[in-house]
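Residue numbers start from 1 in every chain, and the chains themselves are labelled A, B, ... in the order their sequence lines are given, proteins ahead of strands. Every value quoted in this text rests on a predicted model; they were computed, and no experiment measured them.
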2 protein chains.
Amino acid sequence: MAKVLAQAPARKGPQTAIRIREAALELFSRLGFERANMAQIAAEAGVSQATLHYHFEDKFQLWRAAMLQLRAVIGEEERLLEAAMDSPPEVQLRMAMRLFLQISWRHPALGRIVALEGMAGGERLEWLDAHLIGPRNRRLAELAKAAIDSGALKPFPAEMLIITLQSAAAGVINLAPMMKTSFDVDVSQAPARAAHEQLILDALLGGLLTDPSAMT
Amino acid sequence: MAKVLAQAPARKGPQTAIRIREAALELFSRLGFERANMAQIAAEAGVSQATLHYHFEDKFQLWRAAMLQLRAVIGEEERLLEAAMDSPPEVQLRMAMRLFLQISWRHPALGRIVALEGMAGGERLEWLDAHLIGPRNRRLAELAKAAIDSGALKPFPAEMLIITLQSAAAGVINLAPMMKTSFDVDVSQAPARAAHEQLILDALLGGLLTDPSAMT
DNA sequence: AGTATTTCTGACTTTGTAATCAGAAACTAA
DNA sequence: TTAGTTTCTGATTACAAAGTCAGAAATACT
């Protein structure tokens with residue numbers, strides 16, 4: 001008995017899809033596509049699992065909807081960069097690198113997802129390249145090339161700077177568990193953020209040695 | 001009919017466990033713990049899935065057995081470093097960093113696994129720290145601290161150098177799919193290896209600018 | 001009011017994967 | 001040869017996770 005009784009009711013408001021997207025971004029960025037499961041996302045959003053499939057056809061489409069929320073972040077970065085468009089390339093490059101690092105800190109989800117999917121390859125990476133990170137990567141490489149051509153930087157393959165920057169930005173966030181385990185140090189807080197930014201910018205653009213001539 | 005007929009026979013030789021370990025390392029490093037599945041590993045090793053469970057109790061223990069194969073790599077690194085034990089700390093540090101990068105290139109599995117598990121945290125990371133990477137990380141940090149104390153390096157949090165080095169080493173291997181997608185460049189080959197090693201060492205220890213005073 | 005539409009859900013199906021197990025084949029020792 | 005041990009396997013179980021669906025509840029429309 002009491003079988004067909006209380007079918008649970010509905011209408012969580014028009015915010016439902018938004019809450020789902022936000023919960024999805026949170027979990028996808030923290031756990032990655034496969035480890036984040038629909039049940040968790042549904043619970044986090046406060047809806048049933050079936051509701052996820054009502055608003056989004058399948059897991060991949062939900063993932064894309066979640067990722068699209070990051071477009072504003074990239075857009076903001078782009079806008080700030082345009083302000084420096086008339087500076088010499090090495091100044092623009094430095095600014096672009098600083099922005100890259102700052103945004104990685106402010107929105108750890110972006111760096112985590114790029115690292116996660118960038119390692120795996122596949123259709124999600126291709127989507128990210130087309131809709132999120134491709135233009136930014138290529139703009140950075142162009143800046144590096146221009147700075148090299150102008151003689152401000154030593155010649156080196158420009159893509160290597162991207163990969164180093166991306167690795168550094170993502171690594172400091174993503175490898176926080178390793179640093180905690182190996183050193184019992186929490187590198188995810190503000191002081192570490194400042195130290196890391198300075199290290200990367202100083203190192204990649206200034207040199208770490210107090211006397212660069214001392215060691216070839 | 002033909003039901004209890006040909007039960008398939010056995011004896012693949014004493015190499016079986018070794019082949020399984022090797023196949024497991026290959027797949028765990030390429031795909032990570034969860035995406036690599038027992039069926040694939042069994043197929044790669046040329047045995048049935050049940051044989052995996054005969055030699056190794058469960059997936060986690062197989063993973064640990066696979067990881068132990070990397071101990072020789074770390075051991076070799078350690079031995080090479082001891083040869084330079086009497087040099088000044090910044091020379092030792094430079095050598096340690098170069099070894100770190102070279103070994104990451106020669107054994108991509110190590111860097112991939114550290115990146116994969118270092119992002120996720122959990123019991124596998126703790127095992128890695130205890131049995132594989134912890135001592136190396138701490139030795140590097142000590143070297144950096146010594147070099148800073150001797151005045152050869154600008155002061156900075158030594159752990160940040162580890163995370164940057166680890167990120168760079170792992171990143172250039174792991175983010176190869178992203179570089180391929182964004183730039184259609186293959187960074188997993190020897191020429192890229194050399195360029196990257198030089199960039200990291202030059203940058204982190206020498207400075208990238210031709211004129212360091214030009215840009216504060 | 002009644003009817004249609006939208007939003008949501010519990011229950012179900014399907015699929016992929018780790019783990020178990022009884023027993024076959026090969027090897028060893030008597 | 002025969003009895004016992006080791007190595008290996010197909011078949012099965014157990015379980016987790018994505019995706020489907022009929023229908024309930026709220027809202028909108030007439």
Protein-nucleotide distance ([X], atom [atom1]; [N], atom [atom2]), rounded to Å:
| X | N | atom1 | atom2 | value |
| --- | --- | --- | --- | --- |
| A:L52 | C:dG10 | CG | P | 13 Å |
| A:F56 | D:dA18 | CZ | C1' | 16 Å |
| B:L62 | C:dA18 | CG | P | 10 Å |
| A:H55 | C:dT6 | NE2 | P | 13 Å |
| A:W63 | D:dG19 | CH2 | C1' | 20 Å |
| A:K59 | C:dG16 | NZ | P | 14 Å |

For the side chain of [X], counting heavy atoms from C-beta on, which of [options] is nearest?
| X | options | answer |
| --- | --- | --- |
| A:H53 | D:dC8, D:dG19, C:dC8 | D:dG19 |
| A:S48 | C:dG10, C:dT7, D:dG19 | C:dG10 |
| A:Y54 | C:dC8, D:dA18, C:dA18 | C:dC8 |
| A:V47 | C:dT9, C:dA18, D:dG19 | C:dT9 |

Summary of side-chain hydrogen bond (donor to acceptor under 3.5 Å, both in side chains) pairs that have at least one residue in residues 157-168 of chain A, sequence neighbours excluded: none

Qualifying side-chain hydrogen bond (donor to acceptor under 3.5 Å, both in side chains) pairs with a residue from residues 74-84 of chain B, counting only residues at least two apart or across chains: B:E77-B:R136

Please produce a list of atom pairs where a protein N or O lies less than 3.5 Å from an N or O of nucleotides 13-15 of chain D.
none

SB check A:R30 A:E26 (cutoff 4.0 Å):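 Yes, charged N to carboxylate O under 4.0 Å.
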
side-chain hydrogen bond (donor to acceptor under 3.5 Å, both in side chains) partners of A:T51, counting only residues at least two apart: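 So A:T51 forms a side-chain hydrogen bond (donor to acceptor under 3.5 Å, both in side chains) with A:S48.
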
Residue list, side-chain hydrogen bond (donor to acceptor under 3.5 Å, both in side chains) with B:S188, at least two apart or on another chain: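 Scan of B:S188 (side-chain hydrogen bond (donor to acceptor under 3.5 Å, both in side chains), adjacent residues dropped) gives B:D186.
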
By ring pair (Phe, Tyr, Trp, His ring centres under 6.0 Å) - contacts of B:Y54 (at least two apart):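 Ring pair (Phe, Tyr, Trp, His ring centres under 6.0 Å) check on B:Y54 returns nothing, list empty.
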
C:dC8 OP1/OP2 closer than 4.0 Å to side-chain N/O of A:T16: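 For A:T16, the contact criterion (side-chain N or O under 4.0 Å from OP1 or OP2 of C:dC8) is met.
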
Enumerate donor-acceptor pairs with a distance under 3.5 Å from any side-chain N or O in residues 95-111 of chain A to protein atoms, sequence neighbours excluded.
unit_1, atom_1, unit_2, atom_2, d
A:R98, NE, A:E197, OE2, 3.1
A:S104, OG, A:F100, O, 2.9

Pairs flagged by salt bridge (Lys or Arg N to Asp or Glu O under 4.0 Å) wherever residues 59-73 of chain A is involved - sequence neighbours left out: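 Found none.
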
Enumerate donor-acceptor pairs with a distance under 3.5 Å from any side-chain N or O in residues 168-183 of chain B to protein atoms, sequence neighbours excluded.
unit_1, atom_1, unit_2, atom_2, d
B:N174, OD1, B:R112, NH1, 3.4
B:N174, ND2, B:A170, O, 3.2
B:K180, NZ, B:D184, OD1, 2.9
B:T181, OG1, B:P177, O, 2.9
B:S182, OG, A:D129, OD1, 2.3
B:S182, OG, A:N137, ND2, 3.2

A:R21 side chain vs A:A66 backbone, donor-acceptor pair below 3.5 Å: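 Checking the backbone N and O of A:A66 against the side chain of A:R21, no donor-acceptor pair under 3.5 Å is found.
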
Contact list for residues 110-129 of chain A, test ring-ring contact (aromatic ring centres under 6.0 Å, His included), sequence neighbours left out: A:W63-A:W127, A:W127-A:H131

DNA chain C contacts made by residues 21-37 of chain B, counting heavy atoms under 4.0 Å: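 Those residues are B:A36, B:N37.
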
B:Q49 or A:F60, whichever maps to the more 5' nucleotide of DNA chain D: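 Checking each residue's closest nucleotide, the 5'-ward one belongs to B:Q49.
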
Residue whose nearest DNA chain D nucleotide is more 5′ - A:M38 or B:T51: B:T51

Euclidean distance, A:E22 CD relative to A:L25 CG, rounded to 0.5 Å: 8.5 Å

Under 3.5 Å, which protein N or O atoms sit close to an N or O of nucleotides 11-15 of chain C? Give each pair with its distance.
none

